[in-house]
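Each remark here refers to the structure printed beneath this line.
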Amino acid sequence: MTQKLIDAITEMPEDDVLKLTNELLDGGTSPAEILGACKDAMEVIGKRFEQGECFIPELMLAGEMMTAISGVLKPRMAGEAASKKIGKIVLGTVQGDIHDIAKDIVGFMLDLNGFEVTDLGVDVPPAKFVDTVKETGAKIVGLSGFLTLAFDPMKDTVAALKSAGLNDVKVMIGGGQIDENIRQYTGADAYGKDAMAAVALAKDWVKE
Ligand code: B12
């Protein structure tokens with residue numbers, strides 16, 4: 001069933017995308033499955049872009065569709081929200097990178113699961129993460145990035161937190177190109193493949 005949604009996103013009639021999303025939800029498809037279909041669709045569009053078969057406007061439209069779908073999913077997921085806050089997290093897309101759809105989903109899921117999230121937005125310099133961790137007393141930092149160019153700013157942010165003496169702060173990273181190798185390169189504590197992984201990591205860390 002979700003294949004229809006993947007086709008609608010990649011073929012781009014935006015009205016169909018929202019209609020289908022609602023139909024799938026009404027038919028019992030979970031928001032997590034819908035997010036999975038969105039990821040697959042973004043892979044298709046990303047590949048087309050790489051191969052010169054589509055251009056920035058199509059990327060932007062895909063981004064807008066993702067934002068619209070998130071808007072539909074959020075109220076459906078909000079019913080499950082935890083009311084008691086269990087920890088603080090500073091989240092942002094690292095310097096030089098402006099991809100924020102995935103970060104917003106991660107922030108939303110963390111918030112739903114009881115974390116107080118300070119979202120610094122996009123293109124966030126390492127010093128801003130350090131300052132905000134000091135101000136909020138957060139013990140977890142989440143770094144998002146989709147560009148190869150995001151690896152070094154991630155590494156710099158981990159290093160900046162360490163040199164500010166914030167050694168008890170755990171850092172998780174995620175985003176399109178990120179994997180375990182990049183985690184090692186950046187010195188982050190963990191890599192999360194999706195928003196659910198971000199929640200699982202954060203919950204583990206607050207238990208410690
Ligand atoms: C939409 C999009 C855009 C939109 C972004 C809109 C927005 N507001 O975010 C726009 C059009 C602005 C854009 C711009 C560019 N883009 Co772009 N974009 C994409 C695209 C198609 C989808 C990204 C996305 O939002 N996916 C949807 C999310 C929901 O996917 P997801 O990965 O499943 O998300 C989960 C995980 O990533 C994880 N996660 C994410 N963050 C974090 C953080 C933590 C802590 C954790 C634990 C987990 C986690 O959880 C998420 C939720 O489950 C990708 C292709 C792709 N396949 O990723 C290219 C892509 C990322 N873009 C690319 C490029 C090149 C660019 C541009 C440089 C293009 C240009 N020439 O200008 C600019 C960059 C500008 C900049 N400085 O950042 C390349 C990057 C290549 C590279 N190796 O660096 C890609 C891969 C396309 C490609 N195949 O070439 N882009």
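Note that the coordinates shown come from a computational prediction; the quantities given were computed from them, not determined experimentally.
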Does [Y] offer a backbone N or O that forms a donor-acceptor pair with the side chain of [X] under 3.5 Å?
{"X": "R183", "Y": "Y191", "answer": "no"}
{"X": "D179", "Y": "I182", "answer": "yes"}
{"X": "T29", "Y": "L24", "answer": "yes"}
{"X": "E58", "Y": "F55", "answer": "yes"}

Presence of salt bridge, [Y] and [X], under 4.0 angstrom:
{"X": "K47", "Y": "E50", "answer": "no"}
{"X": "K170", "Y": "D204", "answer": "no"}
{"X": "D26", "Y": "R76", "answer": "yes"}

Residues pairing under ring pair (Phe, Tyr, Trp, His ring centres under 6.0 Å) where one sits in residues 87-118, two or more places apart or in two chains, turn out to be H99-F146
Positive for side chain to side chain contact (heavy atoms under 4.5 Å, CB included) with P31, one of V72, I105, L73, I69: L73
Student check: side-chain heavy atoms of [X] and [Y] closer than 4.5 Å:
{"X": "I140", "Y": "K88", "answer": "no"}
{"X": "K85", "Y": "D111", "answer": "yes"}
{"X": "L91", "Y": "K103", "answer": "yes"}
{"X": "V141", "Y": "M172", "answer": "no"}
{"X": "I89", "Y": "E116", "answer": "no"}
{"X": "L35", "Y": "D194", "answer": "no"}
{"X": "T21", "Y": "I34", "answer": "yes"}
{"X": "V17", "Y": "L5", "answer": "yes"}

[atom2] on [Y] to [atom1] on [X], rounded to 0.5 Å:
{"X": "C38", "Y": "E43", "atom1": "SG", "atom2": "CD", "answer": "12.0 Å"}
{"X": "L120", "Y": "K128", "atom1": "CG", "atom2": "NZ", "answer": "6.0 Å"}
{"X": "L166", "Y": "L161", "atom1": "CG", "atom2": "CG", "answer": "6.0 Å"}
{"X": "L61", "Y": "I45", "atom1": "CG", "atom2": "CD1", "answer": "8.0 Å"}
{"X": "T93", "Y": "D123", "atom1": "OG1", "atom2": "CG", "answer": "9.0 Å"}
{"X": "L112", "Y": "K74", "atom1": "CG", "atom2": "NZ", "answer": "9.5 Å"}

ILVMFWY network linking [X] to [Y], side-chain heavy atoms under 4.5 angstrom:
{"X": "V117", "Y": "V106", "value": "yes"}
{"X": "L25", "Y": "M65", "value": "yes"}
{"X": "I101", "Y": "I56", "value": "yes"}
{"X": "L149", "Y": "L143", "value": "no"}
{"X": "V94", "Y": "L110", "value": "no"}

Among all residues two or more places apart in sequence or in another chain, which pass the ring-ring contact (aromatic ring centres under 6.0 Å, His included) test with F151? none
Can E33 and S30 be counted as having a side-chain donor-acceptor contact under 3.5 angstrom? yes
Would you name the heavy atoms of [X] and [Y] that are closest together and state the gap between them?
{"X": "G145", "Y": "A150", "answer": "CA-CB, 4.0 Å"}
{"X": "Q95", "Y": "P153", "answer": "O-CG, 3.3 Å"}
{"X": "V122", "Y": "D97", "answer": "CB-O, 3.7 Å"}
{"X": "W205", "Y": "A190", "answer": "CZ2-CB, 3.7 Å"}
{"X": "M109", "Y": "A195", "answer": "CG-CB, 3.6 Å"}
{"X": "T157", "Y": "F129", "answer": "CG2-CD1, 3.6 Å"}

As a quick check of understanding, evaluate side-chain contact (heavy atoms from CB on, under 4.5 Å) for V158 and K162, giving each step before the final call. CA-CA 6 Å; V158 173; K162 291 225 158 50; 3.8 Å; yes
Can you list the residues that meet the salt bridge (Lys or Arg N to Asp or Glu O under 4.0 Å) rule with D152, with sequence neighbours excluded? none
